[in-house]
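Every chain is numbered from 1, with letters handed out A, B, ... down the list of sequences.
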Amino acid sequence: MTATSGKIILHLDFNTYFASVEQQANPFLRGKPIGIAGKGRENLQGGFGRVTVNGLNPERFKRSVITTASRQAKRSGVKTAMATWEALKICPDLIIIPGDPRKYAQITKRFLQILQSNCDEVEQFSTDEAFADITTASGGDYFGATLLAERIRNQVRDDCGEVATVSIGVGPNKLVAKLASESVKPNGLTVITPEAVEEFVLGRSLADVCGIGPRLESRLGAMGVTSMATLKKVALPVLLREFKQYGLFLYQAVRGIGPDYLEDDQADPLSIGQSYTFPYNLTNELEVKTNLLALADRVAWRLRKQSFAAKKISVFVRWDSFSGWSGSRAIKDPIYDGRELTDVGWSMILPRLRSGTINTKPGAMSFELAVRQLGISVSDLIQLDTAEPLLKKDQKKKNALLALDKVSAKFGTGSWQRLSTLCTVFKERVSGWHYDHED
Amino acid sequence: MQHQYLDEPVDVTVLFSGRRVRPIKVIWGRTVFVVDKLNLVHSAREGLDKVFFFSVSSRDSFMQLRLNCKNLEWRLIESFVP
């Protein structure tokens, strides 16, 4: 971890990713305020026939949020994660586009392939950004690095389109490379040599640093630290006392010191979960249970895909009133099957659903307990290999699940579904898309 | 502005160039749509089938077409008229 180890790191970041890809596909959206929202366009096709989106069908979007806003929309005040109705209030001309996860997945795959073919090593940081070690590929100097970055940018333009632009930063470590790429947007190429690191970093604001969020910034502000220059004046013991281990990160960040190695593997997850806000309230027990099963199957698939089984299950319900309830239970035998996850989760949720039932119709719930959002997650994860079933029937079930996983891996997660979940409203999402698509 | 998501069969005239396919004319009912620009192509798996999506535009409208490689069927899945 140094600013001058001789490594050259490149950071590539797409500008307003989902919105740019949509503007690339549809030239009539270019230069206009657009927001990517909704639950994915599959929902729009599923059983609704011809759906007019702008001249909005408000039902489709009233519970959605903006996942990406175009530059034009951002200028009008539209922000990521803003409720769609709120964004439309701020920017009445905003064009809402339902997200298309398959399209974005393919563009991600293309830019990663470009990096892999040009760089020594690549680390995908998120859907639309990646780090690459270009020390050898660039010939070990910043002139070669600049030429290589320019070549990568041109290849991305050729393969992903001229509107889906990227900003590239080059520096001696990941911290500086990311700061560099974010310093010029859109379509920037910023190269920071080791000699220029100090001046460059001091010229950034605290919020520019990946790892300094609004809360940390306000804590620093309370200490009188409002800029990188003032942060540099704070001694390490003071930072350690105030922020514990994070103090060391701050001390190093302000000096342009950051990791110059790429992570080839993600760390093991501590928990895996999935939640969903339904397009309408669920008011029937059976409907809640089948949707819980659909969610649990997603969680179980992700669990097995990463070779884990779980020993703790948590469920979360948000009622129509926006109040919520959550519960968790530790289990003796590790679980990796969606059906078993559902059984445990349902045994926790059902008493809650029935606690205020006033409607005597079988399976009906009280209006107050109508379910707006449902979530299930697992934690206390152990390796799947160690969860070997003793009974033959359980062994058979495990083999069947692993066989179904192979089908999902080859043909996508929608390639098989339990009969009982066919009527669920749970469909693909704009965010979290990478769990839905193997392609 | 009219933006629709559809799933309608269309006839498409294409140009073959090496391994690439480029739609040049789309006939949807009585409407003939001449493709000016191919903006983006992406693909996906739908079960056993590989499908390609072509985002194309003319001077006054945008269409997204879906080609199923197994049965070579073209469908119009999105239409946008500004």
Legend entry - With B:F53 via ring pair (Phe, Tyr, Trp, His ring centres under 6.0 Å) - residues at least two apart: B:H42

Inset, instruction - List for me each residue that meets ring pair (Phe, Tyr, Trp, His ring centres under 6.0 Å) alongside A:F14, sequence neighbours excluded, and say none if there are none. - result: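 Per chain and number, A:F14 pairs via ring pair (Phe, Tyr, Trp, His ring centres under 6.0 Å) with A:Y17, A:F111.
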
[X] [atom1] to [Y] [atom2] distance, which is reported to the nearest 0.5 Å:
{"X": "B:S55", "Y": "A:K103", "atom1": "OG", "atom2": "NZ", "answer": "5.0 Å"}
{"X": "A:D159", "Y": "B:L40", "atom1": "CG", "atom2": "CG", "answer": "11.0 Å"}
{"X": "B:R59", "Y": "A:F28", "atom1": "CZ", "atom2": "CZ", "answer": "10.0 Å"}
{"X": "A:Q106", "Y": "B:F52", "atom1": "CD", "atom2": "CZ", "answer": "7.5 Å"}
{"X": "A:I97", "Y": "B:F80", "atom1": "CD1", "atom2": "CZ", "answer": "6.0 Å"}
{"X": "B:H3", "Y": "A:I96", "atom1": "NE2", "atom2": "CD1", "answer": "11.5 Å"}

Legend entry - chain A contact via B:S79 - side chain, backbone, both or neither, heavy atoms under 4.5 Å: neither

Inset, instruction - Answer with side chain, backbone, both or neither: which region of B:D60 has an atom nearer than 4.5 Å to a non-hydrogen atom of chain A? - result: backbone

Inset, instruction - Please report the C-alpha distance between A:N26 and B:Q64 in whole Å, then the side-chain angles of each, then the deciding distance to 0.1 Å, and finally whether the side chain to side chain contact (heavy atoms under 4.5 Å, CB included) criterion is met. - result: CA-CA 9 Å; A:N26 181 352; B:Q64 191 174 179; over 6 Å; no

Inset, instruction - Grab the two heavy atoms, one from B:Y5 and one from A:P98, that are nearest each other, plus how far apart they are. - result: OH-CD, 3.2 Å

Inset, instruction - Count the heavy atoms belonging to other residues, nucleotides or ligands that lie under 6.0 Å from CZ of A:R339, then report whether that count exceeds 12. - result: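 No, the 6.0 Å shell around CZ holds no more than 12 heavy atoms from other groups.
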
Legend entry - Pick from B:N39, B:V56, B:L38 with the largest number of heavy-atom pairs that fall under 4.5 Å of chain A: B:N39

